[in-house]
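Notes for the one structure printed next.
What you see is a predicted model; the values in this text were computed from it and never measured. Below, all heavy atoms of this structure are taken into account, side chains as well, without hydrogens, waters or symmetry copies.
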Amino acid sequence: MSTSGGNERIVVDPITRIEGHLRIEAEMDGNKIGSAYSSGTMVRGIETILKGRDPRDAWAFAQRICGVCTLVHGLASIRSVENALSYKVPKNADLIRNLMSGAQYIHDHVMHFYHLHTLDWVDVVSALDADPKATSELAQSLSNYPRSSPGYFSDMKKKLKGFVEAGQLGIFAKAYWGHPAYKLPPEANLMAVSHYLDALEWQRDVARLHTIFGGKNPHPNFVVGGVPCAIDLNSDSAINAKKLAQVQEIINKMKVFVEQVYIPDTLAIAGFYKDWGSRGEGLGNFMTYGDFPSNGMEDPSGFMLPAGAILNRDLSKIHEVDMHAPDEIHEYVSHSWYDYEGGKDTGLHPYDGETTFNYTGPKPPYKHLDVDQAYSWLKSPRWKGHSMEVGPLARVLMLYATGHEQTKDLVGMTLSKLDVPVEALFSTLGRTAARTLETKIFADAMQGWFDDLVANIKAGDTKTFNEVLWEPSSWPKSAQGVGFMEAPRGGLAHWIVIEDETIKNYQAVVPSTWNAGPRDSKGQPGAYEAALEDNHELHDPEQPIEILRTIHSFDPCIACAVHVSDSDGNELINVKVK
């Protein structure tokens with residue numbers, strides 16, 4: 001903590017338990033955050049690398065933008081090529097893609113809750129004071145999860161005690177244990193820590209779904225025009241009856257953990273933190289691209305997740321979003337370390353996007369960023385000039401606003417159990433709960449997609465690839481398209497411009513760029529910045545757990561958000577400041 005211009009400013013750098021490097025500077029107004037600034041402090045390369053390459057190969061490069069959501073950039077990339085070429089894919093390919101993407105959601109959300117976000121609410125060291133018998137009674141009152149006996153929690157307590165006594169907290173080290181902001185009783189802490197460890201084992205098993213359909217995980221294989229896995233029930237090297245049975249087993253395992261562990265834990269923990277239902281939103285603007293097609297990507301009416309924009313919390317009006325329209329989605333760089341040919345205050349649609357580096361920040365090490373100038377390697381995306389939040393909260397609000405019955409039931413159940421008003425959705429607590437609720441929705445949808453796939457196979461339809469437009473000789477001289485999806489962290493889109501069978505321009509606008517981007521030329525904050533400026537009072541500036549709670553509720557992926565490269569091969573500054 002230090003002062004800047006007479007105002008006390010708290011710096012958290014790097015924010016840990018996220019993917020990539022994120023710096024938050026919070027300018028204090030007494031003990032409350034007055035202004036907040038989000039800075040991506042690294043830059044890396046994909047977009048410029050793709051120029052001049054075969055569009056059919058783009059997915060293999062783009063997928064390396066990140067390895068946490070191991071498949072989303074690959075899927076967005078092949079969809080961009082398919083959209084540009086009006087390339088239809090077989091029904092089975094869409095079902096397999098839905099299964100792979102749905103599995104990514106469930107895996108990613110569970111991992112985020114237990115391994116990246118729970119420790120903001122759960123005091124690990126406090127669990128040492130828990131009574132295993134009382135912990136068992138608590139767990140059994142919440143669900144019928146088998147691992148809930150007194151002996152089980154006694155063993156977990158011994159394991160944790162061994163870590164602490166040996167001075168080797170490992171994954172639990174360097175946190176703010178004992179902070180007065182922790183409110184859970186020891187038994188709830190022990191239960192949550194035990195499930196943290198269970199989730200490590202669970203995630204290893206459920207990741208196998210990607211290897212069945214995509215050959216490996218992370219970064220499973222994809223192909224423009226379908227999926228790269230043949231279906232032949234009599235072949236050991238194709239999708240056969242044995243592998244389909246394994247997929248069913250994985251879906252069952254996902255559903256059990258979500259229903260018996262994840263949802264009960266979320267509700268139990270949230271019950272002690274109801275005050276977080278009135279802080280941490282800020283923007284009030286939410287956007288979804290839509291995803292999970294039933295009739296192909298060319299028919300948005302068949303999407304399980306609808307597309308649209310919500311402005312100023314008004315759930316009664318859904319605004320249409322056009323990914324191709326030149327006047328809707330723009331990226332700005334007025335507070336970013338880039339230049340545009342038309343000037344830093346210009347907004348560019350991704351089809352016309354530019355990536356020209358110009359680092360003008362302070363030379364490391366430094367105390368503060370100059371937030372009146374450029375202060376981030378992230379750009380500032382805007383929809384029709386509005387800052388927008390994307391992600392689980394945006395999706396649940398969109399489903400709720402469009403009358404999705406399961407979502408309405410789940411939201412109603414949650415609000416009732418927690419005894420909080422519907423306005424609590426617009427908050428850090430609401431964002432965390434929304435991620436849990438949509439995981440239940442996807443766990444149920446997985447069974448439907450799988451049943452449809454099996455029904456197609458039984459009916460004799462085993463087609464997974466369309467070869468009609470595979471050869472570049474069949475393509476037009478020039479084409480452009482956008483591949484979009486709802487990644488676990490929010491709306492993700494890749495825009496591609498193809499000319500003479502190669503990539504002329506490629507731009508990816510990712511969820512964490514929407515959420516973590518800096519202010520634009522009008523001074524409008526991004527979603528992280530606005531959320532931190534919404535009713536955040538810090539108990540101890542030296543241990544700013546309140547900042548971590550809200551930032552982690554977005555599940556940041558800064559590696560995705562700063563995916564561009566230096567086309568001139570210049571050495572770039574990687575800022576890491578304590």
**Item:** Chi angles and distances behind the side-chain hydrogen bond (donor to acceptor under 3.5 Å, both in side chains) call for Y114, D265
**Value:** CA-CA 10 Å; Y114 286 102; D265 280 359; 2.7 Å; yes

**Prompt:** Under the side chain to side chain contact (heavy atoms under 4.5 Å, CB included) criterion, do D534 and L283 qualify, and how do the steps go?
**Reply:** CA-CA 9 Å; D534 179 27; L283 287 179; over 6 Å; no

**Message:** Keeping N535 on the side-chain end and S278 on the backbone end, is there a donor-acceptor pair under 3.5 Å?
**Reply:** yes

**Asked** Any luck finding a side-chain donor-acceptor pair between D120 and H117 under 3.5 Å?
**Response** yes

**Asked** With a 4.0 Å cut-off, would you call D155 and K159 a salt bridge?
**Response** no

**Prompt:** Just wondering, are more than 12 heavy atoms of other shown residues or ligands nearer than 6.0 Å to NZ in K133?
**Reply:** no

**Request:** Check the side chains of D540 and Y176 for a donor-acceptor pair under 3.5 angstrom, ignoring hydrogens and angles.
**Result:** no

**Prompt:** Just wondering, do D275 and K183 contact through their side chains at under 4.5 Å, heavy atoms?
**Reply:** yes

**Request:** Let me know which of E281, E389, E438 forms a salt bridge (charged side-chain N to carboxylate O under 4.0 Å, His left out) with R431.
**Result:** E389

**Side chains of T432 and S553, donor plus acceptor under 3.5 Å** = no

**Item:** Main-chain N/O of Y196 paired to H115 side chain as donor or acceptor, under 3.5 Å
**Value:** yes

**S387 (side chain) donor-acceptor with P525 (main chain) under 3.5 angstrom** = yes

**Request:** Report the relative orientation of the aromatic rings in Y528 and F554; use parallel for angles under 30°, tilted for 30 to 60°, perpendicular for over 60°.
**Result:** tilted

**Prompt:** Among Q104, H219, H107, which one satisfies side-chain hydrogen bond (donor to acceptor under 3.5 Å, both in side chains) with T70?
**Reply:** Q104

**Request:** With side chain to side chain contact (heavy atoms under 4.5 Å, CB included) as the test, would you mind laying out the steps for V193 and M156 before giving the verdict?
**Result:** CA-CA 8 Å; V193 172; M156 286 296 180; over 6 Å; no

**Request:** May I ask you to say whether K253 pairs ionically with E249, meaning some side-chain N is under 4.0 Å from a carboxylate O?
**Result:** no

**Message:** My understanding is that only one of W276, F113, F272 makes a ring-ring contact (aromatic ring centres under 6.0 Å, His included) with W121; could you say which?
**Reply:** W276

**Prompt:** Ring centres of Y105 and F292 under 6.0 Å apart?
**Reply:** yes

**Request:** Output yes when a side-chain donor or acceptor of D291 lies under 3.5 Å from a complementary backbone atom of A487, and no otherwise.
**Result:** no

**Item:** Check: L437 and T407 side chains under 4.5 Å, non-hydrogen atoms
**Value:** no

**Request:** Assess whether side chain to side chain contact (heavy atoms under 4.5 Å, CB included) is satisfied between L197 and L200, documenting all intermediate values.
**Result:** CA-CA 5 Å; L197 298 173; L200 288 172; 4.2 Å; yes

**Message:** Just verifying a value: how many Å separate T288 OG1 and F484 CZ, rounded to the nearest 0.5 Å?
**Reply:** 10.0 Å

**Prompt:** Under 3.5 Å, is there a donor-acceptor pair between the side chain of E25 and the main chain of L369?
**Reply:** yes

**Request:** Indicate yes or no: does R489 engage E19 in a salt bridge with an N to O separation below 4.0 Å.
**Result:** no

**Item:** Exceeds 12 heavy-atom contacts within 6.0 angstrom, atom NZ of K274
**Value:** yes

**P146 versus Q260, closest heavy-atom pair with distance** = CD-OE1, 3.5 Å

**Message:** Contact between I558 and I15 at the side-chain level, heavy atoms closer than 4.5 Å - yes or no?
**Reply:** no

**Prompt:** Can any side-chain N or O of N189 pair as donor or acceptor with the backbone N or O of A130 at less than 3.5 Å?
**Reply:** no

**Fill in**
What one should report as the nearest heavy-atom pair of W449 and M304 is CZ2-SD, 3.8 Å

**Request:** Side-chain contact test, heavy atoms from C-beta onward, threshold under 4.5 Å: evaluate it for V72 versus P488 and give yes or no.
**Result:** yes

**Asked** Does the pair E405/K408 count as a salt bridge with the N-to-O cut at 4.0 Å?
**Response** yes

**Complete:** On a heavy-atom basis, the closest approach of L119 and Y182 is O-OH, 2.7 Å

**Whether Y145 and F257 hold their rings parallel, tilted or perpendicular, with breakpoints at 30° and 60°** = perpendicular

